[in-house]
Structure formats: structure tokens, C-alpha cells
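Letters go in sequence order (proteins before strands), and every chain restarts at 1. Fair warning: this is a prediction, and the values are worked out from it, not measured in the lab.
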Protein chains: 2
Amino acid sequence: MIFSKACEYGIRATMYVSLHSLENKRVSLKDISREIDSPEAFTAKVLQQLSRSGIINSLKGPTGGFFIDKPTMQKTNLSHVVYAIEGASFFKGCGLGLKECSEKRPCPLHSRFKIIREELRVSLENTNLYDLSLGVKDGLTFLKK
Amino acid sequence: MIFSKACEYGIRATMYVSLHSLENKRVSLKDISREIDSPEAFTAKVLQQLSRSGIINSLKGPTGGFFIDKPTMQKTNLSHVVYAIEGASFFKGCGLGLKECSEKRPCPLHSRFKIIREELRVSLENTNLYDLSLGVKDGLTFLKK
DNA sequence: ATATATTCGGATAAATTTGTCCGAATTAAA
DNA sequence: TTTAATTCGGACAAATTTATCCGAATATAT
């Protein structure tokens with residue numbers, strides 16, 4: 001639930017790139033997809049999106065690959081990654097798909113979903129790539145399988 | 001986000017059926033899809049699923065249609081509806097799509113998502129059709145557009 | 001009995017998401 | 001300057017979800 005496959009791969013890939021950028025190492029598409037266990041060509045598309053969005057950087061040619069500088073890692077939150085892949089609609093819209101759902105004209109689930117949605121948003125907005133990748137580096141969390 | 005189209009229609013349809021079952025009226029597929037603004041044939045499939053799952057009842061023939069008895073309305077929560085349409089996986093699984101994500105081997109988002117997931121589950125489990133349909137009946141909430 | 005209004009069920013089609021392939025562009029190293 | 005390793009970009013293919021169509025089964029009313 002929650003995320004599309006593209007977004008799942010995108011977050012995992014971003015995490016992997018971040019992790020290695022901690023040590024100033026670039027990683028190739030091949031490395032990434034092998035290490036996060038994702039389809040290579042499809043992951044390439046997602047990485048392109050992230051690159052165009054300015055979330056990660058890329059360099060062509062031998063010794064090329066993907067990377068993120070530390071300042072970007074620190075100021076980039078998961079919300080940015082999700083936004084880049086899922087689009088703005090992820091954070092908006094009615095849980096039941098109504099076009100005119102609002103405070104003034106709420107769907108039956110509006111009040112309940114509002115709370116949860118908000119929490120999700122806040123949670124994504126308060127989680128930056130740097131902190132997340134430290135968790136992986138320290139062996140507290142995992143990216144594969 | 002969150003729900004599939006099938007589930008959105010399913011919940012809205014169930015709400016509409018409940019609403020009219022409050023007054024012991026059966027409603028036809030045609031009425032339902034018109035009033036919740038959903039594609040008729042597709043909604044029929046979803047209603048069939050709900051009917052097979054025992055969440056709503058159906059009767060063929062003229063004056064037939066869909067309905068729910070009040071006891072069922074009271075003891076059926078949204079979680080049941082979602083479960084019937086999205087399946088068990090909706091309440092399980094890793095936010096990043098990892099197969100082996102667990103307390104012992106958590107993905108980087110595990111702890112954050114666990115909380116939100118749990119809240120969603122609890123919220124769905126504590127919301128029954130009867131209470132929801134009263135909200136619609138009283139004009140506090142809406143099902144269309 | 002017959003006609004009619006309905007749900008049921010299977011086949012199919014359209015749209016979207018997910019995934020693959022391949023050649024072009026770029027860059028570094030030999 | 002050639003070769004090789006990489007990302008980039010477009011076209012395509014497969015899978016899934018969403019949506020439609022139509023005839024069969026069923027039940028009601030005339």
C-alpha cells in the first residue's frame with residue numbers, strides 16, 4: 001500500500017546512494033539495483049527522475065554514477081523524494097476519491113483520514129536522508145530483501 | 001493514495017446501501033452508481049465481491065437490489081470492507097516493499113510507518129457502517145463528487 | 001405463463017503501471 | 001585518439017487495474 005513500486009525503488013535507491021555518498025563514493029545503476037534488489041532498467045528511469053528533480057546527482061562515463069553531497073542529504077526529506085516520484089497529489093485528495101471533499105463538505109472518512117494523512121506528511125517532512133542513511137550505515141536498518 | 005479505485009467505490013457503495021437500509025429500502029446497482037458517481041459495470045463487480053463476502057446482501061428480480069440488515073451494519077467495520085476488497089496484504093507488508101522487514105530487521109522507515117499503519121488500522125476497525133451512515137443521513141458528511 | 005427488472009458471471013477492452021531493450025551521448029582512462 | 005564504462009532517452013512489452021459488454025439466471029408483477 002501507500003507507495004507505488006517506482007516510489008519504493010526510488011526511496012531505496014536514494015538511501016543507497018546516500019549511504020555511499022557518506023564516504024564520497026559514487027555508485028552505478030548496476031550496483032544500486034543489485035544491492036537494493038530492484039529491476040535495473042526500471043530503476044534507471046526512477047533515478048533519472050530523481051536526478052532531474054535535483055535530489056541526486058549523476059555523472060556519465062567510467063567512474064561515473066550517482067551521488068549526493070552532504071548538505072543536500074541533510075536538507076532533503078523523504079517528502080521531497082515522494083513528491084518527486086508520486087507528485088503533489090500524494091499529499092492531497094480525498095480518501096474516497098471525491099472531488100469536492102473539504103472541511104465544508106467532508107466525505108464520511110474525512111476527519112479520520114485527515115489526522116492520519118497529516119501524520120504521514122509530518123513524518124516524511126521530518127525525516128532527512130542523512131539521518132536515515134546513518135541508520136543503515138550503523139546496521140540499525142536495512143535496504144535489501 | 002491509500003485505496004484502490006475498487007475500494008473507493010466499494011466503500012462509497014456500501015455507505016449508500018447502508019444509508020437506505022436504515023429505512024429498509026433496497027437499492028439497485030443503477031441507483032448506487034448514479035448516486036455515488038461511479039462506473040456502473042465496474043461497481044457491479046465490486047458489489048458482487050462485497051456480497052460474496054457477506055458484507056451486503058443482494059436480491060435478484062424486480063424490486064430486488066442491495067441491502068444490509070441493521071445488526072450487520074453495526075458490527076461491520078470499514079476494516080472488513082477494505083479487507084474484502086484489498087485483501088489482507090493491505091494491513092501487512094513493508095512500506096518500502098522489502099520481504100524481510102521486521103522488528104529484528106527493519107527497513108529505514110519501519111518504526112515511522114508502524115505507528116501510522118497502526119493508527120489507520122485502528123481507525124478502520126473502530127468505524128462501523130451504522131455510525132457512518134448516520135453521518136450521511138444527518139447531512140454531516142457526503143458521498144458524491 | 002409471460003414480460004420485465006434485476007443481479008450474476010464470463011469475456012473482453014482500455015488505461016495505467018511496471019518492466020525491458022537498445023542505441024545515443026558523455027566522460028574517463030589507456 | 002581509441003576504447004570502454006557509464007548515464008540518458010525513446011520505443012516497446014508485459015502485467016495489473018480499471019472499465020465495458022452481453023447473455024444467463026432469478027424473481028416479481030401483470
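- When distances are taken from the side chain of A/K60 to each of D/dG9, C/dC8, C/dT27, the shortest belongs to C/dT27.
- Taking atom CD of residue A/Q49 and atom C1' of nucleotide D/dT7, one finds them 15 Å apart after rounding to whole Å.
- The side chain of B/S4 lies closest to D/dT18, out of C/dT27, D/dT18, C/dT18.
- If you measure from atom CD1 of A/I56 to atom C1' of D/dC8, you get 13 Å, rounded to the nearest angstrom.
- Taking atom CZ of residue B/F67 and atom P of nucleotide D/dA27, one finds them 12 Å apart after rounding to whole Å.
- Distance from the side chain of A/Q48 is smallest to D/dC8 among D/dC8, D/dA19, C/dT18.
- The CG atom of A/L47 sits 13 Å away from the C1' atom of D/dT6 (whole-angstrom rounding).
- Mapping A/T63 and A/S51 onto DNA chain D via the closest heavy atom, the residue that lands nearer the 5' end is A/T63.
- Distance from the side chain of B/S28 is smallest to C/dT7 among D/dA27, C/dG9, C/dT7.
- B/R121 and B/S79 share no side-chain donor-acceptor pair at under 3.5 Å.
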Would you be so kind as to tabulate the donor-acceptor pairs closer than 3.5 Å made by side chains of residues 55-67 of chain A, with sequence neighbours excluded?
none

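- Looking at the side chain of A/Y9, the nearest of the listed nucleotides C/dG19, C/dT7, D/dT20 is C/dG19.
- Of all non-hydrogen atoms in A/G10 and A/I85, the two that sit nearest each other are CA-CD1, 3.7 Å.
- Closest contact between the side chain of B/K5 and the listed nucleotides D/dT20, C/dT7, D/dT18 involves D/dT18.
- Of the listed residues (A/Y16, A/F42, A/F3), just one forms a ring-ring contact (aromatic ring centres under 6.0 Å, His included) with A/Y9, and that residue is A/F42.
- Using a 4.0 Å heavy-atom criterion, one finds that B/L29 contacts the sugar-phosphate atoms exclusively.
- For B/K114 and B/E118, the salt-bridge test fails: no basic side-chain N is under 4.0 Å from an acidic carboxylate O.
- Of the side-chain N and O atoms in A/R52, one or more sit less than 4.0 angstrom from OP1 or OP2 of D/dG9.
- When heavy atoms are screened at a 4.0 angstrom cut-off, A/K30 is found touching no nucleic acid atom at all.
- The NZ-P distance, from A/K45 to C/dT17, rounds to 16 Å in whole Å.
- Checking D/dT6, C/dT18, C/dG9 against every side-chain atom of A/A6, the shortest atom distance belongs to C/dT18.
- You'll find that the side chain of B/S58 is closest to C/dC8, out of C/dC8, D/dT28, D/dT6.
- Between the side chains of B/T43 and B/S38, at least one donor-acceptor pair of N or O atoms lies under 3.5 Å.
- The residue among A/L59 and A/E40 whose nearest nucleotide of DNA chain C lies closer to the 5′ end is A/E40.
- Nearest nucleotide to the side chain of A/F42, out of C/dG19, D/dT7, D/dT18: C/dG19.
- With rounding to whole Å, B/E8 atom CD is found 15 Å from D/dT17 atom P.
- To the nearest angstrom, C1' of D/dT18 lies 18 Å from CZ of B/F3.
- Put simply, CD1 on A/I85 is 14 Å from P on C/dT17, counting in whole angstrom units.
- Residue B/R26 is classed as having no contact, given no heavy-atom separation below 4.0 Å to the nucleic acid.
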